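A short worksheet on the structure shown next.
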Amino acid sequence: MTTPPPRPERCDACGKPDALPTIYRPGGLEYLCPACTSRAALRDSAGAHLHALLWPAVETWAQHWHAAGLKPGDLAALLDLEGGYWHPLGALAREGGAEDAVREMLEPKRD
Ligand SMILES: [Zn+2]
């Protein structure tokens, strides 16, 4: 006995009618059209890539400051702040959120 193929539904992201279930994301099932499936896969790949790049640096930072006396909760709070307010000058230097920081990073550099 085989499972019947899923029936297309409306896309959870854009509302187009040709969406199929997408189950590779943690936290649940989404119905996505082909275009939104591609965007979701690219976004997930970018997230995994960012995590792989940052993990060694964050791990070294956490070990250093834990050895200096900060508790894991203190480090976690700083890490949460930095993730939400990423900026080369540090978490406390930015008024806007991470989206503003990314837009600034993507602007052409002026010398
Ligand atoms: Zn869609």
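Side chains included, hydrogens not; waters and symmetry mates left out as well; all remaining heavy atoms used. Atoms within each ligand, like the ligands themselves, are counted from 1 in listed order. These numbers come from a predicted model, not from an experiment.
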Atom pair [atom1] ([X]) and [atom2] ([Y]), whose distance is rounded to the nearest 0.5 Å:
{"X": "L50", "Y": "S45", "atom1": "CG", "atom2": "OG", "answer": "12.5 Å"}
{"X": "L29", "Y": "T22", "atom1": "CG", "atom2": "OG1", "answer": "7.0 Å"}
{"X": "C11", "Y": "D18", "atom1": "SG", "atom2": "CG", "answer": "8.0 Å"}

Item checked: Pairwise ring pair (Phe, Tyr, Trp, His ring centres under 6.0 Å) hits with a residue in residues 31-52, at least two apart ->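 Every ring pair (Phe, Tyr, Trp, His ring centres under 6.0 Å) pair that includes a residue of residues 31-52, provided the two are not neighbours, is H51-W55.
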Next item on the list: Give every protein N, O or S atom lying under 2.8 Å from the Zn ion (ligand 1), naming each by residue and atom.
Entry: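 Less than 2.8 Å away from the Zn ion (ligand 1) sit C11 SG, C14 SG, C33 SG, C36 SG.
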Next item on the list: Name all residues meeting the side-chain contact (heavy atoms from CB on, under 4.5 Å) criterion together with A76; count only those two or more places apart in sequence or in a different chain, and write none if there are none.
Entry: none
For residues 60-74, dump all side-chain donor-acceptor pairs below 3.5 Å to protein atoms at least two apart in sequence or in another chain.
unit_1	atom_1	unit_2	atom_2	d
T60	OG1	P56	O	3.0
H66	ND1	L70	O	3.1
D74	OD2	K71	N	3.3

